[in-house]
J.: 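Next up is a structure, given as structure tokens.
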Amino acid sequence: MIVNFWLLSIAVLLLWLPRQWLRFGGEFIPLPKSSRRRKRDNSNPRNPGDVSLRFKEEFKKPRNWIDLMRAAAGAVAIEHGCFEKAVGAPKETATQIFVCATAIYVVAVLIQTIRMEGRLTLAAPVFFVLGLSFGIIGGMAALFACIMVWVINLVLPGSSMFLVAFAGLQVCFALLLARLPVRDAALAGGLAVLPVVFSLVTKRRLVQLSKKSKAPRSS
């Protein structure tokens, strides 16, 4: 097995960089108090029990796009540049490469899921998982899976079911459209449901961070 260490280090940095480190500070130009109040009033806050993903809200967040692009770039590098099977290498080499890539992906998803901000919080790394799919199952299959999951998101109750649905779509499109081995399709689906499984094991609910909620009314 030939390992491209410099490319691997870049890919790991992209995949293992925690999302919260992408915060670049607050507003560059402080707004007057009246403007801040007006901005809060027009923010369309959610009810406390509303955990659904809203298409317009999610696609307006720059960090979501950064998550998607860095995950896609890292996964493409892992799949096509970091590891290479040498000429005459035994068949077990392909399995070793798959295991190494799987370990990198699993650690990456867990890093994006686990947040230590005063207390342990589990966040659904939706866009990060969407980005991984472009490297693991290929661009066309991933694109179809991403489009379909946002279409059916209208009837999904929250981010956990979003990830479960996306896992199933990835497996279907990877097998039927991309004609990938079952092992690769299962890897893509498993990474998508990993945050949900981790949430069940730790008995902590997956949440959406930076979500504005309505304060409960006093009786």
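Worth saying up front: this structure is predicted, and the values here are computed from it rather than measured.
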J.: Going by the rule side-chain contact (heavy atoms from CB on, under 4.5 Å), which residues pair with Leu154 if we only count those two or more places apart in sequence or in a different chain?
T.: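 So Leu154 forms no side-chain contact (heavy atoms from CB on, under 4.5 Å) with any residue.
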J.: Which residue pairs pass the ring-ring contact (aromatic ring centres under 6.0 Å, His included) test when at least one of the two sits in residues 79-122, sequence neighbours left out?
T.: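 For residues 79-122: none.
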J.: If you apply the rule side chain to side chain contact (heavy atoms under 4.5 Å, CB included), what do you find for Thr121 with Ile114, and how did you get there?
T.: CA-CA 6 Å; Thr121 304; Ile114 301 172; over 6 Å; no
J.: Could you tell me which non-hydrogen atom of Lys60 sits nearest to which non-hydrogen atom of Pro62, and how far apart they are?
T.: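 Closest approach of Lys60 to Pro62: O-CD, 3.3 Å.
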J.: According to a hydrophobic-cluster definition based on side-chain heavy atoms being under 4.5 Å apart (Ile, Leu, Val, Met, Phe, Trp, Tyr only), do Leu156 and Ile147 belong together?
T.: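 Different clusters.
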J.: What are the two closest non-hydrogen atoms of Leu206 and Ser160, and how far apart are they?
T.: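 Smallest interatomic distance, heavy atoms only, reads CD1-OG, 3.6 Å.
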J.: Do any pairs count as a ring-ring contact (aromatic ring centres under 6.0 Å, His included) and have a residue in residues 162-189, sequence neighbours left out, and if so which ones?
T.: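 Those involving residues 162-189 are Phe144-Phe173, Trp150-Phe162.
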J.: Which residues satisfy the side-chain contact (heavy atoms from CB on, under 4.5 Å) test with Ala72, sequence neighbours excluded?
T.: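 If we apply the side-chain contact (heavy atoms from CB on, under 4.5 Å) test to Ala72, skipping adjacent residues, the hits are Phe134.
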J.: Could you go step by step and tell me if Arg19 and Asp67 meet the side chain to side chain contact (heavy atoms under 4.5 Å, CB included) rule?
T.: CA-CA 7 Å; Arg19 175 185 168 102; Asp67 268 356; 2.7 Å; yes
J.: Indicate if Val106 and Ile137 have the same hydrophobic cluster label, given that clusters are the connected sets of ILVMFWY residues with side-chain heavy-atom separations under 4.5 angstrom.
T.: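 Val106 and Ile137: one cluster.
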J.: Going by the salt bridge (charged side-chain N to carboxylate O under 4.0 Å, His left out) test, which pairs reach into residues 123-152, not counting sequence neighbours?
T.: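 Of all non-adjacent pairs touching residues 123-152, none passes salt bridge (charged side-chain N to carboxylate O under 4.0 Å, His left out).
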J.: Give the cluster check for Leu163 versus Ile152: same hydrophobic cluster or not, with ILVMFWY residues linked at side-chain heavy-atom distances below 4.5 Å.
T.: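 Yes; tracing contacts between hydrophobic side chains, which count when under 4.5 Å, links both residues.
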J.: For Arg70 and Leu17, indicate whether the former's side chain and the latter's backbone hold a donor-acceptor pair under 3.5 Å.
T.: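 Yes; at least one donor-acceptor contact below 3.5 Å.
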J.: Is the CE atom of Met1 crowded by more than 12 outside heavy atoms at less than 6.0 Å?
T.: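 Atom CE in Met1 is packed in, count exceeds 12.
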J.: Go through it in stages, so that I can follow the logic: the residues are Asn153 and Val149, the test is side chain to side chain contact (heavy atoms under 4.5 Å, CB included), and I'd like the CA-CA distance, side-chain angles, deciding distance and then a yes or no.
T.: CA-CA 6 Å; Asn153 177 60; Val149 76; 5.8 Å; no
J.: Can you name the side-chain contact (heavy atoms from CB on, under 4.5 Å) partners of Leu13, sequence neighbours left out?
T.: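 Scan of Leu13 (side-chain contact (heavy atoms from CB on, under 4.5 Å), adjacent residues dropped) gives none.
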J.: Answer with yes or no whether the hydrophobic clustering places Ile104 together with Ile2; edges join I, L, V, M, F, W, Y residues whose side-chain heavy atoms lie under 4.5 Å apart.
T.: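 Different hydrophobic clusters.
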J.: How far does CD of Gln96 sit from NZ of Lys91, to the nearest 0.5 angstrom?
T.: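 Taking CD in Gln96 and NZ in Lys91, the distance rounds to 14.5 Å.
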J.: For Ala101 and Ile78, which heavy atoms make the closest approach, and how far apart are they?
T.: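 Answer, listing the atom of Ala101 first, then Ile78: CB-CG2, 3.6 Å.
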J.: Can you list, pair by pair, the side-chain donor-acceptor contacts under 3.5 Å of residues 187-203, counting residues two or more places apart and other chains?
T.:
unit_1: Ser199; atom_1: OG; unit_2: Arg204; atom_2: O; d: 2.2
unit_1: Thr202; atom_1: OG1; unit_2: Phe198; atom_2: O; d: 2.8
unit_1: Thr202; atom_1: OG1; unit_2: Ser199; atom_2: O; d: 3.4

J.: In Å and rounded to the nearest 0.5 Å, what is the CG to SG distance from Leu177 to Cys172?
T.: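 Interatomic distance, Leu177 CG to Cys172 SG, rounded to 0.5 Å: 11.5 Å.
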J.: Can you give me the closest heavy-atom contact between Gly135 and Ala75, atom names plus distance?
T.: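 Heavy-atom minimum between the residues: CA-CB, 3.7 Å.
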J.: Could you walk me through whether Ile66 and Phe127 satisfy the side chain to side chain contact (heavy atoms under 4.5 Å, CB included) test, starting with their C-alpha distance in whole Å, then the side-chain angles of each, then the deciding distance to 0.1 Å, before giving a yes or no?
T.: CA-CA 9 Å; Ile66 295 175; Phe127 279 78; over 6 Å; no
J.: Trp65: what forms a side-chain contact (heavy atoms from CB on, under 4.5 Å) with it, not counting sequence neighbours?
T.: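 Phe59, Met69.
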J.: Rest of the hydrophobic cluster containing Leu7 (Ile/Leu/Val/Met/Phe/Trp/Tyr, side-chain heavy atoms under 4.5 Å)?
T.: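 Joined to Leu7, directly or through intermediates: Trp6, Ile10, Leu14.
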J.: Under the side-chain hydrogen bond (donor to acceptor under 3.5 Å, both in side chains) test, which residues partner Asp184, sequence neighbours left out?
T.: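 Applying side-chain hydrogen bond (donor to acceptor under 3.5 Å, both in side chains) to Asp184 gives none.
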J.: Linking Ile, Leu, Val, Met, Phe, Trp and Tyr through side-chain heavy atoms less than 4.5 Å apart, which residues share a cluster with Leu175?
T.: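 Grouped by the 4.5 Å side-chain rule, Val171, Val182 form the rest of the cluster around Leu175.
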J.: Could you see if Leu132 belongs to whatever hydrophobic cluster contains Met140? Use Ile, Leu, Val, Met, Phe, Trp, Tyr and a side-chain cutoff under 4.5 Å.
T.: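 Yes, because Leu132 and Met140 connect within a single hydrophobic cluster, where side-chain heavy atoms sit under 4.5 Å apart.
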J.: Looking only at heavy atoms, what is the nearest atom pair of Leu53 and Ser159, with distance?
T.: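 Heavy-atom minimum between the residues: CD1-CA, 4.2 Å.
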J.: Could you tell me the separation between the CG atom of Leu8 and the SG atom of Cys100, rounded to the nearest 0.5 Å?
T.: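 One gets 9.0 Å once the value is rounded to the nearest 0.5 Å.
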J.: Give me the atom names and distance for the closest heavy-atom approach of Arg183 to Ala94.
T.: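 Where Arg183 meets Ala94 most closely, the heavy atoms are NH2-O, 4.3 Å.
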